Number of protein chains: 2
Amino acid sequence: MPRTVDREARRRELAEALWRVVRREGIDGISVRSVAAEAGTSAGALRHWFATQDELAAFSLRAVVDRVGERLAVSLPGLAGVEAALFLLEQMLPLDEQRRAETEVYLAFLGRPHAEGPLREIRGVAEAASRQAVAAAVRLLAGDGGLHPDRDPASAVDLLYPLVDGLALHSTLWPDRYPAEHVRAVLRAHVHALAGPP
Amino acid sequence: MPRTVDREARRRELAEALWRVVRREGIDGISVRSVAAEAGTSAGALRHWFATQDELAAFSLRAVVDRVGERLAVSLPGLAGVEAALFLLEQMLPLDEQRRAETEVYLAFLGRPHAEGPLREIRGVAEAASRQAVAAAVRLLAGDGGLHPDRDPASAVDLLYPLVDGLALHSTLWPDRYPAEHVRAVLRAHVHALAGPP
DNA sequence: CCTTTTCTAACACAGTTGTACTGCTATGGT
DNA sequence: ACCATAGCAGTACAACTGTGTTAGAAAAGG
């Protein structure tokens with residue numbers, strides 16, 4: 001048998017090259033050739049792994065979404081109540097280099113609101129997952145006295161969810177004005193306030 | 001002298017053609033030819049008004065930002081306190097067709113966080129203006145008993161500002177899941193809550 | 001060592017892109 | 001009436017794009 005390569009790992013590797021191009025040059029910077037060069041290979045080789053450019057883009061975006069999803073699915077490291085909820089929410093914020101990369105790439109793919117096709121579908125999944133993660137965080141709060149009994153969990157999610165994405169957006173676009181500590185502080189302040197009466 | 005055209009109006013007209021292309025096909029849909037066709041003219045004519053594509057893009061984005069800015073600067077129509085604050089904040093949300101168009105176009109230009117040049121500068125101005133508008137809204141609240149004395153105005157802005165942009169983001173990307181009424185309701189609920197103790 | 005499979009590079013090609021340039025048209029001042 | 005010129009269309013061109021095609025290299029089994 002001929003040489004064999006870990007197929008999934010290879011595709012992931014090429015997707016990461018696309019991420020780097022997107023972060024450096026924006027979504028317009030993506031081309032079969034530029035991504036191939038970034039990955040240290042050729043356009044022909046890239047085509048061996050992804051039949052079309054759209055397939056590469058879809059795979060790359062899905063890889064980002066999956067990575068965040070995996071972090072969200074992991075059991076919380078011995079935390080409970082408010083701390084557990086914050087841990088969960090912070091998985092969706094650009095608080096370190098890895099999460100910043102994820103947010104930037106994801107943002108780059110948002111420029112076409114009405115887009116159709118696989119990319120739109122992936123975004124739809126990501127959106128639903130994000131909202132569910134926020135809902136899970138609110139449930140963690142509610143189960144541990146972190147949510148005041150007079151507060152409606154659904155309303156708490158309605159506010160917390162856009163707040164999280166808004167913070168992610170600002171911190172990604174203006175990391176100097178809205179650094180990780182600021183994002184974390186605003187989030188913590190609000191989550192702690194949820195323990196009080198409305 | 002030869003025939004003369006309202007130069008600024010003509011440029012604005014072409015910018016609006018670019019908006020339509022961006023909304024229909026996304027930021028990638030922009031090309032000298034596609035925008036010219038959308039405006040019912042030729043690529044050569046477009047070049048007569050904008051030396052380069054970047055100049056056209058910058059002018060178009062600035063036009064969006066200016067339009068929102070003008071609405072924010074207009075004196076409030078006989079409102080005060082909470083209602084005035086809400087009116088101000090709602091100018092930045094995609095609550096009708098015009099504002100939805102603005103938000104979509106602006107979002108389309110956000111895909112390159114680290115971008116440099118005029119586009120980045122315009123975005124910087126828009127970001128600062130948005131934040132100041134939110135701060136103005138909070139001041140309106142504070143001056144009319146809409147902000148509880150135990151609340152810190154700066155903290156209120158720190159939360160309200162990303163909330164507004166997060167709502168705008170969600171409503172633009174998922175108008176079906178987050179329609180105008182939902183956005184308005186979440187915003188009103190939070191602003192009214194600011195009158196209570198923290 | 002040799003065969004077979006997998007992988008890669010290189011080239012080909014048609015289409016699109018931004019920009020430049022040329023010349024035509026119509027208009028307002030003289 | 002005349003014509004200088006703003007406005008515009010059309011063409012040209014080099015660069016780059018995505019996608020095919022083809023031939024060769026690399027590696028694991030016999």
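Just the heavy atoms: all of them, side chains too, but no hydrogens, waters or symmetry mates, feed the values below. None of these values were measured; they are calculated from a predicted model.
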With a cut-off of 3.5 Å and sequence neighbours excluded, list every side-chain donor-acceptor pair involving residues 187-198 of chain B.
from    : atom 1 : to      : atom 2 : distance (Å)
R188(B) : NH2    : E83(B)  : OE1    : 3.4
R188(B) : NH2    : E83(B)  : OE2    : 3.1
H192(B) : ND1    : R188(B) : O      : 2.9

Can you give me every donor-acceptor pair (side chain of residues 130-139 of chain A, partner residue at least two apart or in another chain, under 3.5 Å) with its distance?
from    : atom 1 : to      : atom 2 : distance (Å)
S130(A) : OG     : A126(A) : O      : 2.8
R131(A) : NE     : Y178(B) : OH     : 2.9
R131(A) : NH2    : D158(A) : OD1    : 2.7

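Of the side-chain N and O atoms in W49(B), none sit less than 4.0 angstrom from OP1 or OP2 of dA6(D). Look at S31(A) and you won't find any side-chain N or O under 4.0 angstrom from OP1 or OP2 of dC16(D). Residue H48(A) places none of its side-chain N or O atoms closer than 4.0 Å to OP1 or OP2 of dT8(C).
Within residues 9-29 of chain B, the residues having any heavy atom closer than 4.0 Å to DNA chain D are, in order of number, R10(B).
Atom-to-atom, CD of E55(A) to P of dG18(D) comes out at 15 Å; the value is rounded to the nearest Å. Taking atom CG on L46(B) and atom P on dC8(D), their separation rounds to 10 Å, with Å as the unit.
S42(A) comes within contact range of at least one nucleobase, with a heavy-atom separation under 4.0 Å. The residue L56(B) sits apart from the nucleic acid: no heavy atom pair falls under 4.0 Å.
Between R10(B) and E13(B), at least one side-chain N (NZ, or NE/NH1/NH2) sits under 4.0 Å from a carboxylate O, which counts as a salt bridge.
D54(B) meets the side-chain contact (heavy atoms from CB on, under 4.5 Å) test with T52(B); sequence neighbours excluded. Shown here are the side chain to side chain donor-acceptor pair (under 3.5 Å) partners of D144(B), two or more places apart in sequence or in another chain: there are none. Taking the side-chain contact (heavy atoms from CB on, under 4.5 Å) definition, one finds that P94(A) meets it with R100(A), T103(A), A168(A), S171(A), T172(A), sequence neighbours left out.
With hydrogens and angles disregarded, no donor-acceptor distance shorter than 3.5 Å links the side chain of R47(A) to the backbone of V32(A).
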Please list, pair by pair, any protein nitrogen or oxygen found under 3.5 Å from a nitrogen or oxygen in nucleotides 19-22 of chain C.
from    : atom 1 : to     : atom 2 : distance (Å)
dT19(C) : OP2    : Q53(B) : N      : 2.9
dA20(C) : OP2    : R47(B) : NH1    : 3.0
dA20(C) : OP2    : R47(B) : NH2    : 2.2

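The stretch residues 117-130 of chain A participates, sequence neighbours left out, in these salt bridge (charged side-chain N to carboxylate O under 4.0 Å, His left out) pairs: E127(A)-R177(B). Screening residues 29-44 of chain A for salt bridge (charged side-chain N to carboxylate O under 4.0 Å, His left out) gives R20(A)-E38(A), R24(A)-E38(A) as the qualifying pairs, with residues at least two apart or on separate chains.
When distances are taken from the side chain of T41(A) to each of dA6(D), dA9(C), dA9(D), the shortest belongs to dA9(C). Checked against dC8(D), dA9(C), dG18(D), the side chain of A45(B) finds its nearest nucleotide in dC8(D).
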